[in-house]
Amino acid sequence: MSVQHDPVQRADFDQVMVPNYAPAAFIPVRGEGSRVWDQSGRELIDFSGGIAVNVLGHAHPALVKALTDQANTLWHVSNVFTNEPALRLAKKLIDATFAERVFFCNSGAEANEAAFKLARRVAFDKFGEDKYEIIAAVNSFHGRTLFTVSVGGQPKYSDGFGPKIKGISHIPYNDLDALKAAVSGKTCAVVLEPIQGEGGVVPADLAYLQGARELCDKHNALLVFDEVQSGMGRSGSLFAYQHYGVTPDILSSAKGLGGGFPIGAMLTTNELAKHLAVGTHGTTYGGNPLACAVAEAVLDTINTPEVLAGVHSKHQHFKTRLEQIGQQYGVFTEVRGMGLLIGCALSDAWKGKAKTILEAAAAENLMVLQAGPDVVRFAPSLVVEDADIDEGLARFERAVATLTQA
Ligand SMILES: *Cc1c(COP(=O)(O)O)cnc(C)c1O
């Protein structure tokens with residue numbers, strides 16, 4: 001039996017939705033691999049990946065199978081009961097990382113909320129109520145709850161909502177001296193993205209992360225890595241910390257973890273996990289069987305030498321061509337990033353116009369992202385076909401050519 005739906009259009013958005021987003025003029029209705037079709041049947045190449053989420057593109061057969069198998073089996077039982085997909089996924093995440101314990105939730109913000117609450121609870125339990133300060137980076141992004149915007153280093157997201165969470169300070173990213181000057185006995189956690197994503201696709205320097213690790217150890221503070229965007233193969237390693245060889249105490253994951261199905265996770269050690277005893281924290285949907293079944297299939301599929309090696313070679317493919325386009329049209333000062341998280345920093349003449357470039361790309365049937373007003377960001381599927389990369393970048397070049405000739 002099929003249900004008849006009333007037709008809807010982009011114009012309806014402005015009538016029925018809270019106006020906190022400004023979506024594109026077209027509505028995607030179907031996706032397959034790195035291709036997406038809109039309501040009119042127009043085909044687009046997707047280098048935006050649902051904001052670094054769709055690590056296996058659209059409708060990947062392994063994920064469709066995991067989701068539909070689970071959908072026919074068990075959807076939700078809450079954390080009053082545990083479930084098999086959650087336990088399997090937790091075991092696999094533990095096998096693949098430094099972690100010994102996992103907390104599941106539904107988004108990156110929730111994973112960070114759990115991480116920050118854990119850091120404060122550990123400090124409270126072990127050192128008393130004065131050790132609660134959190135040090136984070138300018139331009140960082142950690143989500144949109146009040147705690148996570150307070151820790152995030154972008155006032156445009158945290159101002160205007162009344163008092164922020166107290167005890168948080170921000171230091172310039174990749175500046176070890178600034179971090180050294182800020183950390184003290186009152187610091188409970190240093191929170192960093194190994195690659196700043198929303199802040200402009202800025203990878204950390206190795207010495208910075210190593211220095212942060214040493215400072216945390218010296219001051220009994222926890223090192224928290226927000227890998228919501230950099231994790232799940234995006235950097236070419238399963239998690240970016242593994243590329244750097246600097247291990248955090250707490251790690252947050254989301255975005256790519258579900259490959260398009262909402263899930264978040266906080267990973268930590270036995271020693272720290274015990275501070276979140278029964279009743280201290282929770283979420284109804286966290287560890288939902290559908291989400292965990294999909295995430296298990298994502299992890300199984302991407303955590304292989306072939307897929308991760310592919311991320312490195314595809315990075316080079318993108319970078320070479322983007323640098324060429326940047327030079328030819330004078331649009332970029334730099335093409336940076338790791339793996340398949342790539343940022344093109346706009347030249348002075350194009351500063352502030354990332355959105356204009358996005359719209360020009362969409363007009364050429366290509367979906368790309370921005371990371372702030374001055375950076376065009378690419379976060380495609382980790383298994384994007386080389387032919388799709390070539391075709392997508394040809395469309396991108398056409399968009400840039402049209403803009404620069406206008
Ligand atoms: C996207 C993002 C978040 C927030 O994740 P949501 O799922 O939107 O809550 C947190 N941290 C980083 C680094 C992100 O890129």
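Every heavy atom of this structure was used, including side-chain atoms; hydrogens, water molecules and symmetry mates were not. A quick note: this is a predicted structure, and the numbers were derived from the prediction, not measured. Note that ligands are numbered from 1 as they come in the structure, with each ligand's atoms numbered from 1 the same way.
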Going through the distances and angles, do Phe98 and Phe239 end up as a ring pair (Phe, Tyr, Trp, His ring centres under 6.0 Å)?
CA-CA 10 Å; Phe98 76 97; Phe239 287 98; 8.6 Å; no

Just do the ring pair (Phe, Tyr, Trp, His ring centres under 6.0 Å) check on Phe396 and Phe378 with the steps written out, would you?
CA-CA 11 Å; Phe396 187 70; Phe378 295 79; 5.2 Å; yes

Start with the C-alpha gap between Gln210 and Tyr244, add the side-chain angles, then the distance that decides, and say whether side chain to side chain donor-acceptor pair (under 3.5 Å) holds.
CA-CA 9 Å; Gln210 288 172 333; Tyr244 284 98; over 6 Å; no

Evaluation steps, side-chain contact (heavy atoms from CB on, under 4.5 Å), between Cys292 and Phe104:
CA-CA 9 Å; Cys292 291; Phe104 288 123; 4.2 Å; yes

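Among Lys255, Arg234, Gln229, Gln196, the residue whose heavy atom lies closest to atom 1 (C) of ligand 1 is Lys255.
The shortest N/O to N/O separation between Asp226 and ligand 1 falls below 3.5 Å. Between Gly143 and ligand 1, no N or O atom pair is found at a separation short of 3.5 Å. Taking any N or O of Val228, backbone or side chain, none lies under 3.5 Å from an N or O belonging to ligand 1.
Only the side chain of Asn112 comes within 4.0 Å of ligand 1, judged by heavy-atom distances. The proximity of Ala109 to ligand 1, defined as any non-hydrogen pair under 4.0 Å, involves the side chain as well as the backbone. Of all the heavy atoms of His142, the ones lying under 4.0 Å from any atom of ligand 1 belong exclusively to the backbone.
Set against the non-hydrogen atoms of Glu193, the atoms of ligand 1 under 4.0 Å away are 13 (C). Using a 4.0 Å cut-off to heavy atoms of Ser107, the atoms of ligand 1 that qualify are 7 (O), 9 (O).
Put simply, atom 8 (O) of ligand 1 has no protein non-hydrogen atoms near it, under 4.0 Å away.
The closest side-chain donor-acceptor pair between Asn139 and His170, if any, does not fall under 3.5 angstrom. Between the side chains of Asn270 and Arg101, at least one donor N or O sits under 3.5 Å from an acceptor N or O.
By the 6.0 Å and 45° rule, Arg42 stacks over the aromatic ring of Phe26.
In this structure, the side chains of Glu43 and Asp38 stay at 4.5 Å or more apart for every pair of heavy atoms.
Of all protein heavy atoms, the one lying nearest to atom 6 (P) of ligand 1 is Gly108 N, 3.4 Å.
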